[in-house]
Every structure is written in structure tokens, then in C-alpha cells.
Protein chains: 2
Amino acid sequence: MSNSMQEAGRTVTIRDVAAAAGVSIGTASKALNGVGRMRQETRARVMAAARQLGFRPNPLAQGLLGGRTYTVGLITCDSFGRFSIPVMLGAEDALGDGQISVLMCDTRDDPIRERHHVERLLDRRVEGVIVTGRRTEPRPSIGRDLPVPVVYAMTQSLDPSDLSLIPDDEGGGVLAAQHLLATGRTRIGHITGPHGFQAARKRAAGLGTVLSDAGLRVSGEVLYGEWSEEWGRQGADILLRTDPGVDAIFCGSDQIARGVAETLRERGRRVPDDVALVGFDNWEPMALGSRPPLTTVDMNLNEIGRLAARHLLDIIAGRPGEAGVRTVPARLVVRASTRHGT
Amino acid sequence: MSNSMQEAGRTVTIRDVAAAAGVSIGTASKALNGVGRMRQETRARVMAAARQLGFRPNPLAQGLLGGRTYTVGLITCDSFGRFSIPVMLGAEDALGDGQISVLMCDTRDDPIRERHHVERLLDRRVEGVIVTGRRTEPRPSIGRDLPVPVVYAMTQSLDPSDLSLIPDDEGGGVLAAQHLLATGRTRIGHITGPHGFQAARKRAAGLGTVLSDAGLRVSGEVLYGEWSEEWGRQGADILLRTDPGVDAIFCGSDQIARGVAETLRERGRRVPDDVALVGFDNWEPMALGSRPPLTTVDMNLNEIGRLAARHLLDIIAGRPGEAGVRTVPARLVVRASTRHGT
DNA sequence: ATGAAAGCGCTAACAT
DNA sequence: ATGTTAGCGCTTTCAT
């Protein structure tokens, strides 16, 4: 197997390849990299020797010379949580295609650790950094004058000269609202997370805009609370008391929606017949485990990660785009909680 | 800020430091690394210059020379799923302490991609590899004659000469069973995942052992099904029909337990008063969102990751342990589903 | 106590 | 068409 998988033991260098092929080390290099002129036969001989010996160029040496490391850092403040994971996945995907490897680290939301990791990444000469977060709330920049570009994904930097990619929460609210209107609902309530969260306010704003354009308003008031099932259960009771005729509820998260679904069932309201339900996140274990399965807004986190990676690669390649906070469209996933007969 | 954060612009080399300190490059190196003999004053002068200039040794150069990269690869087959994440976190934690950086990649369960990533990691001269998985089911080794050590975490290699760290599923079953017996339950049912899963069988075995030691047996039969809430709901109905007097149910996952909890409530059984409930995984969004919150078995995935990392570091450092499949103890987390008054 | 020089593995000028 | 050489940034003998 020595032809494709490096074996234990001494490392094969280009020197060995050159010797085996009976050429100089420089010629071997050129042959392997497909540059320079040389006889076809020579090139083939070198390639054969390299394959034969299981030669793998040492990236440290290459990097040392070329100044490139083909490595980027990925910093997560989410302890690899639910939100940053799809983002990382998308990023890893896009970077992998570009032959870039990913150095991963987790800050546990600790600025000290974060600083430490940034330093270490720079030590390692990463060519760029992606920062992901648990929420999209603005956060301090990881550093103004870093020698490499930085892109924020699923979190945003307070520094407007940084590029941040976040989901389109408002657009998600719009999608949910339009869908509910399209299915004939008019008394639409909204139960969501803490008012302190920009994401919660924006989702509510999206809903509000669509409703006022239709000459409607949110049934009751927007109910801000927590990102929990328990709050969903409570909120549903509050809403049913405020407006017993409510025929749809848009929730700020799938967890909240699940709590709402439970209360509705216990209060004898059928979903979706009596009350339609839309969640947010498309967190499948929650959305699918719910009865009925939830129609929900998917933030396209994979796409955010992919875009972040691509932007980073662009900047590294010297094609800087505009900085600032950029928003990635969301997508509605329709399931039984708004649709009969499924 | 040039003293602690590298600035944009040309990189500071040891050459610059040496020049600034008025010493030779070799002396500067020795001073910075605290080796060799030299006047205290000289050493101090070099250090000062280095700090002043914001010097950071280039790890590529160091690695090239020393043959070490201080890097390990982390391969996940779980798309960073629920199980591998805590493992990765633990690993990253342990490795970070050892000044080792982590190159991360995801295989999406695709052997081609996996192979590809392994090659790339070897190209980059990682000093070791950790493989994590979505389940603990045995899987093919990532390669017999790799030039670096490999440790499997939360997955196991079919090759017994590999070291694999997996949770103690059987022990988890024992913990659950003992807890239920200790709280006075005697008619204990078990609803779990597919019989095809070793994990499911082992958890059931743990339960079975404790019960037979107590002169009891599983109420009804062990109900194998799927890892879903829906199956939990179904299974609960089956069990209630088989043994209406069941006073406790141990579930193979928190999702199943959640489904069970719902059905029990709908059938008018109080949890834990009439039926105690124990889940598995300690997947907090599920376990805490359930009504009541679930007592459950925590597999200590963080610890598995940490141990995997430590073992890997040991092997890298030339202290190889024994190979084979090793098991990490689980831990019971008691919540309201088995305990009154919470 | 300090400096000079060799070399890690590789690439890219420059010679031949 | 091929070989020789000079580094990339650093550590480590070996001289001084």
C-alpha cells in the first residue's frame, strides 16, 4: 500500500524521489508540480517514483516557502451548539473544496479563551478566521488590526468594518406571515423569545409588516418570553385567554411552538384545523417530534456557513467585498401544523 | 498593541529580534527558548526586543525543523451531530491544554470523503487522529498502517488493535435499573431503539441483569423499535396494554421517554406517582422540555472526548496503552420523572 | 558568553 | 531539458 498511503517509518522526501528517478531535486520538484519544461518521459519517471515511494510533499516546507498555509481558523462561541454546527458544516464544506483545512476552536463564550485562541491561530499562520456564535446578537470584534481577514457567521461584530453574515430574521417572519395569510388565517398571534433579542424583535417586525399591509394586526400583543417549551405552554394559555378566536400562532422558535402545540391540544384546539402553527429554526428533532410536525422557518445555516467561507476565500484571494452586516434569506418548510391531510 | 497582537504588514522574524537586540540570530533563539548559557542581561534584552516587535515564532519553521506539527486531526462521521459534539468539545479541551491544535473534518458518513480527509490530514503531518461517530456501532478501521496513532471515540473500530472509547451502555442500564428499584418500583418496562443497535441491546442487558439479581424481570418484553418520540408514544400504549400495572419505564433514549411521557399523561397516568420514567442521553432540550423533566442517563461524552485526547497524547508521547474497546462510565441525572416534589 | 554555519523539505531563480 | 543554488524561519551543533 505504500503507493497511496504513507507508511510508518521515515518520511519520504523529494530528495528520495529525485534519487529514485535519477534526476536532480529541482527537476523532481518541477515534474511533480507540473511546471517548467522537460521531457514527457522524465516527468513520468518522477511521477512514478513518487507514487512508488508514497511521496507526500511536506506542507510545512511548502508553507514556509510560499508563505501560505492553506489553513483557516474556525472559532465558535457556541460550544458547537445547535446553531453554530450547521454553520461550521457549511463552512467546512466550502473550504474543503478549496483545499483549505480548518483549525477549530471553542471559546465557551469566554473572552480570555477567545483571545488565547485567536493568538494561537495567528501563531499558526491561518490565512483567515471565521467566527460563529450561538445567537446573532452583536458582539465585540475579535480584533481590529488582525493580519488576516475575519468573517462573522451567525453572529455579528459590533465593528461595522467587519463582514457579518446573519439569517434574515425579518424575512423569516414575513415568510411565516404570508404563509398563514395564504392559508386563510386572519387572527394571528405571536409568541416568541425575550424582547432583548434582536432576532425576536425582527421576526416580530416581519410578521407585523405583512399583517399591517393586509390591514390586520397581531392578535393580542406580541408575547415576549423565553426560548423554552415551558414559555410556549404559558404563552399559549395567555393568548387563548386574550383572544379565544385566534386561528394561527407564529412562534419565535420550534421549542416554543412545541409548548404551544401541547397546550392547544390540552385545551381542545385542533392543529391545524382550529389553530395553525408555525415555528422557527427547523430544528428537526423538535419540529418532527411535535404533534403535528411543525411548519417552520429554516434559517439556512448551512448556507450562511458556506457563504462565510466563500467570502473569506475571496478576501484571502484579494477580492474583498463590502463589509457590514449581510443577511441570508430564510426558507419556509411546510409541514402538518399548517396543512390539512398530512 | 504591537507587543501582543501581530499587526498587519510584514511578519517579524527572529532575525529582526536579533538585530534589534544587537545579538546574533542563534543567540536570540537560545534566549527566547530559555536554553544555553548567556548573561541574564542579554537574555532580557532579547526578550524585550521580541515583545517590543511582537515577535511570534513561525510554527511552520519550527515544525519543519523539529518534525513536529503540534496538530491532530479530528474526523467526525456524525456531521457534528448531537453525540460527536460533546466528544469533540472534550477532546478540544484536553488537546488545547497540551498546546495541540485541532484540524477538523466531517465525512458525512461517506467512505470516499473519509479516505480523502485522512490523506489530507496525513499530508499535513498531523501527529494523531481522533475519529468520532454518530453511534457506537463498530465500523471499519480508517487504516491499518497509518504513520500516526488513531483513537476512536463514541464509535468503535472493527480492528481490535485500535483503541476505541465508548460509553458504558450496559452500566447505564444498570444505573437506571438500580435507581428504579431503590425508589420502590418493581414492574419495570423497557422501551428502546432498534434491536440492531448494540447500544440498545446493552442497555437492555444492564437492566435485565439488575432485575434478575432482584428476582424480577422486565415487565412485558423489551420493546425494541426506533429512536423516535413517535415510537415512544406507541410503545407506551403497547406496554400499558401488556401490563396495565407497570410502575416504571426505562427508555433507551430521551426522545423515546418523551413520547412515553406524553402517552402516559394522555392515558391518565401520573409521572412519577403512578409510573416512574428514566430516559437515556441527557439531551437537555428534550429531557428538560419534557413534562415532568426526565431522570436520565448521561453518557459523559465530554469525558470520552477528553480521555480520547489524553490517550492520543500519551501514544504520541510514546506511552502507548493497551488497545481494544474501552468503556467510560455513565452517570445518572435524577429529575422529577422519578422523584416526587420537584 | 556569543557567533557562524549547517540544514529541516521544498521551490524558484539562475546556470548549464 | 536538466542541474545547481539560494533561501523560507528556525534550532542546533560547533567554533570562537
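Within every chain, numbering begins at 1; the chains are lettered A, B, ... in the order of the sequence lines, protein sequences first and strands thereafter.
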L32(A) has an atom CG; how far is it from atom P of dG9(C), in whole Å? 16 Å
Backbone N/O of D106(B) and side chain of E92(A): donor-acceptor pair under 3.5 Å: yes
Over all strands shown, is V23(A) touching base, sugar-phosphate only, or nothing at heavy-atom distances under 4.0 angstrom? sugar-phosphate
Option passing side-chain hydrogen bond (donor to acceptor under 3.5 Å, both in side chains) with Q156(B) (candidates E137(B), R139(B), Q198(B)): Q198(B)
Say whether, by atom type as modelled, one donor and one acceptor occur between the side chain of R306(A) and the main chain of A94(A) under 3.5 angstrom. no
Counting just side-chain N and O atoms, does S29(A) come under 4.0 Å of either OP1 or OP2 of dC10(C)? no
For a 4.5 angstrom cut-off between non-hydrogen side-chain atoms, does I166(B) reach T327(B)? yes
With a 4.5 Å cut-off on side-chain heavy atoms, are L121(A) and C105(A) touching? yes
Between T11(B) and R125(A), does a side-chain hydrogen bond (donor to acceptor under 3.5 Å, both in side chains) hold up when you go through it step by step? CA-CA 10 Å; T11(B) 297; R125(A) 302 299 197 269; 4.7 Å; no
Between D162(A) and S157(A), is there a side-chain donor-acceptor contact under 3.5 Å, judged purely by atom types and distance? yes
Assuming nearest nucleotide by heavy-atom distance, tell me which of N58(B) and K30(A) is located more 5' along DNA chain D. K30(A)
On DNA chain C, compare the nucleotides closest to L60(A) and M38(B); which residue's is nearer the 5' end? M38(B)
Establish, with yes or no, whether the OP1 or OP2 oxygen of dT2(C) is under 4.0 angstrom from a side-chain nitrogen or oxygen of T42(B). yes
With a strict under 4.0 Å distance from non-hydrogen atoms of chain B, what nucleotide opens and what nucleotide closes the contacted stretch of DNA chain D, reading 5' to 3'? dG9(D) to dT12(D)
Among dA5(C), dT2(C), dT11(C), the one nearest I25(B) by side-chain distance: dA5(C)
Any side-chain N or O of Q62(A) below 4.0 angstrom from OP1/OP2 of dG9(C)? no
By the 4.0 Å heavy-atom rule, please label R37(B) as base, sugar-phosphate, or nothing. base
At 4.0 Å (heavy atoms only), tell me whether T13(A) reaches a base, stays on the sugar-phosphate, or touches nothing. sugar-phosphate
Nucleotide dC10(C), atom P - distance to CG of L65(B) in whole Å: 14 Å
